[in-house]
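As structure tokens, the structure follows; a few thoughts come after it.
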Protein chains: 2
Amino acid sequence: MPRRSEHSLDEIRALALDAVEDLVASHGPTAISARKVAAQIGYTVGMLYHVFDNVDDLVLQANARLVDQLARANEAAAAGNRPQRVIARMAHNYLSLARQAPARWQLVFVHTMRDGRPVPDWYRQRTDRLFALVEEQLQRLAPRRRPAAAALAARTLWSSVHGICLLAVSDKLDIGGSTSAEKALDSLLTHYLGSWAQSR
Amino acid sequence: MPRRSEHSLDEIRALALDAVEDLVASHGPTAISARKVAAQIGYTVGMLYHVFDNVDDLVLQANARLVDQLARANEAAAAGNRPQRVIARMAHNYLSLARQAPARWQLVFVHTMRDGRPVPDWYRQRTDRLFALVEEQLQRLAPRRRPAAAALAARTLWSSVHGICLLAVSDKLDIGGSTSAEKALDSLLTHYLGSWAQSR
DNA sequence: ACCTGAACACCGTTCAAGT
DNA sequence: ACCTGAACACCGTTCAAGT
């Protein structure tokens with residue numbers, strides 16, 4: 001029973017998160033287990049529990065990387081452009097990131113806390129941030145409207161974008177054969193956002 | 001080891017599906033396992049596998065009941081009214097059924113096939129039906145538009161409704177405190193559907 | 001101090017054997 | 001024919017014990 005001491009806790013943490021991504025990418029979101037991740041990085045399961053609280057923590061930390069990637073892309077998109085264009089970029093960023101790594105995003109979509117534990121605050125803040133970025137743009141778009149109106153529109157619009165990306169990644173959207181998620185996003189943006197921007 | 005023979009296979013099937021609903025309602029969607037369902041109805045796990053292919057089959061059959069309930073409600077809503085009103089009813093049917101039995105709908109939202117098995121056709125047809133019902137109304141609403149346009153709008157709209165209901169049931173929508181899913185649905189219907197109906 | 005390995009209480013699934 | 005119970009290969013989580 002050799003000890004390793006080759007890696008710091010932070011390094012082990014990074015190795016584990018990489019292992020989650022590799023396993024998901026090659027064997028799908030259901031392939032994740034503490035034991036498999038441990039085996040992949042050459043440690044025992046017990047070791048994982050010195051670095052992560054539990055599997056939920058492990059998965060959420062892996063998922064947070066993707067959410068952060070989307071948030072960064074959306075923050076970058078916010079620079080300069082007209083709000084309507086920024087929001088369109090954000091929506092397409094979501095879909096295109098989801099298409100780039102469908103299995104990893106499926107893990108984001110599919111994960112639920114064991115038992116009925118609540119989603120931890122640090123993770124919630126990251127997903128809330130995505131709504132906030134949309135809300136900022138809607139406020140720019142219609143500065144004279146009540147903030148509550150922009151908040152409602154942001155939640156409506158981003159939930160809808162989420163629904164489209166979710167069904168796209170799980171192949172439930174392309175029913176007849178020809179509908180693409182990109183077209184659905186554009187339809188949503190044209191009609192929802194177009195109408196919202198004009199009204200009052 | 002007493003044999004029972006008290007119930008036919010169909011009765012056992014119904015008992016098991018009821019047990020799934022009871023367990024989910026009282027202990028949440030993560031509480032479902034073949035062993036627990038078997039225990040709840042007084043049979044062994046082995047017995048379950050004479051009635052269901054596997055747990056996916058068990059869960060999907062339970063979930064299909066909810067999907068069917070929504071489909072029936074939406075078919076009933078289709079009678080008589082103006083298409084725009086029918087679609088609004090359908091969307092609110094979805095949300096209100098989801099609110100009536102949040103845990104059971106969470107099971108619908110959260111379930112994914114073990115390994116990477118595909119969703120069986122018989123279940124897919126049921127969820128596709130929900131899209132089809134919306135599509136029919138959109139064709140009524142704009143009879144002169146190309147069928148592909150109605151198909152795209154149906155998928156866009158229903159994916160969005162799905163996204164809103166999904167986030168509503170998992171409590172991820174009410175960020176600031178005041179946004180309700182009902183308002184988000186109405187916002188979606190007003191702006192998306194309103195704009196789509198008017199354009200051309 | 002760092003990490004292991006075994007233990008505990010669970011899973012899904014199969015199938016020979018009992019009645 | 002109907003159903004069981006034990007087996008197999010997995011889980012998540014904990015923690016005394018080893019180095």
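Please read these numbers as outputs of a predicted model, since none were measured by experiment. Chain naming here is simple, since letters A, B, ... match the order of the sequence lines and numbering starts at 1 in each.
In this entry the distance linking CG of A/L48 with P of C/dC3 reads 12 Å, nearest Å. The distance from atom CE of A/M47 to atom P of C/dA1 is 14 Å, rounded to the nearest whole Å. Between the OH atom of B/Y43 and the C1' atom of D/dT4 there is a distance of 12 Å, rounded to whole Å.
Across residues 10-26 of chain B, not one residue has a non-hydrogen atom less than 4.0 Å from an atom of DNA chain C.
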Under 3.5 Å, which donor-acceptor pairs do the side chains of residues 25-38 of chain B form with other protein atoms, sequence neighbours left out?
residue : atom : partner : partner atom : Å
B/S26   : OG   : B/D22   : O            : 2.7
B/T30   : OG1  : A/D115  : O            : 3.2
B/S33   : OG   : B/K36   : N            : 3.1

Got a list of side-chain donor-acceptor pairs under 3.5 Å for residues 157-167 of chain A, not counting sequence neighbours?
residue : atom : partner : partner atom : Å
A/S159  : OG   : A/R155  : O            : 2.5
A/S160  : OG   : A/T156  : O            : 2.7
A/H162  : ND1  : A/Y94   : OH           : 2.8

Taking only distance into account, with no hydrogens and no angle test, what donor-acceptor pairs under 3.5 Å do side-chain atoms of residues 12-20 of chain B form with protein atoms, sequence neighbours excluded?
residue : atom : partner : partner atom : Å
B/R13   : NE   : B/Q61   : OE1          : 2.6
B/R13   : NH2  : B/Q61   : OE1          : 2.8
B/D18   : OD1  : B/R65   : NH1          : 3.0
B/D18   : OD1  : B/R65   : NH2          : 3.4

Give the dot-bracket string for DNA chain C, reading 5' to 3', where a pair is Watson-Crick or G-U wobble with both distances under 3.5 Å, ( ) marks pairs inside the strand, [ ] marks pairs crossing earlier ones, | marks a partner on another strand, and . marks unpaired. ||.|||||...|||||.||
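Among B/L70, B/L95, B/V110, the single residue meeting the side-chain contact (heavy atoms from CB on, under 4.5 Å) criterion with B/W105 is B/L70.
Taking the side-chain hydrogen bond (donor to acceptor under 3.5 Å, both in side chains) definition, one finds that A/D171 meets it with nothing, sequence neighbours left out. For B/R146, there are no salt bridge (charged side-chain N to carboxylate O under 4.0 Å, His left out) partners, not counting sequence neighbours. With sequence neighbours left out, the salt bridge (charged side-chain N to carboxylate O under 4.0 Å, His left out) criterion links B/R126 to B/D68.
Contacts classified as salt bridge (charged side-chain N to carboxylate O under 4.0 Å, His left out) and involving residues 102-112 of chain A (residues at least two apart or in different chains) are given here: A/E21-A/R104. Applying the ring pair (Phe, Tyr, Trp, His ring centres under 6.0 Å) definition to pairs two or more places apart or across chains, none involves residues 66-85 of chain B. For residues 78-94 of chain A, the set of pairs meeting the salt bridge (charged side-chain N to carboxylate O under 4.0 Å, His left out) definition, not counting sequence neighbours, is empty.
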Dump the pairs, protein N or O against N or O of nucleotides 10-13 of chain D, anything under 3.5 Å, distances to one decimal.
residue : atom : partner : partner atom : Å
D/dC11  : OP1  : A/K36   : NZ           : 3.2
D/dG12  : OP1  : A/A34   : N            : 3.3
D/dG12  : OP2  : A/A34   : N            : 3.1
D/dG12  : N7   : A/R35   : NH1          : 2.2
D/dG12  : O6   : A/R35   : NH1          : 3.3
D/dG12  : O6   : A/R35   : NH2          : 3.0
D/dT13  : OP2  : A/Y49   : OH           : 2.6
D/dT13  : OP2  : A/V55   : N            : 2.9
D/dT13  : O5'  : A/Y49   : OH           : 3.3

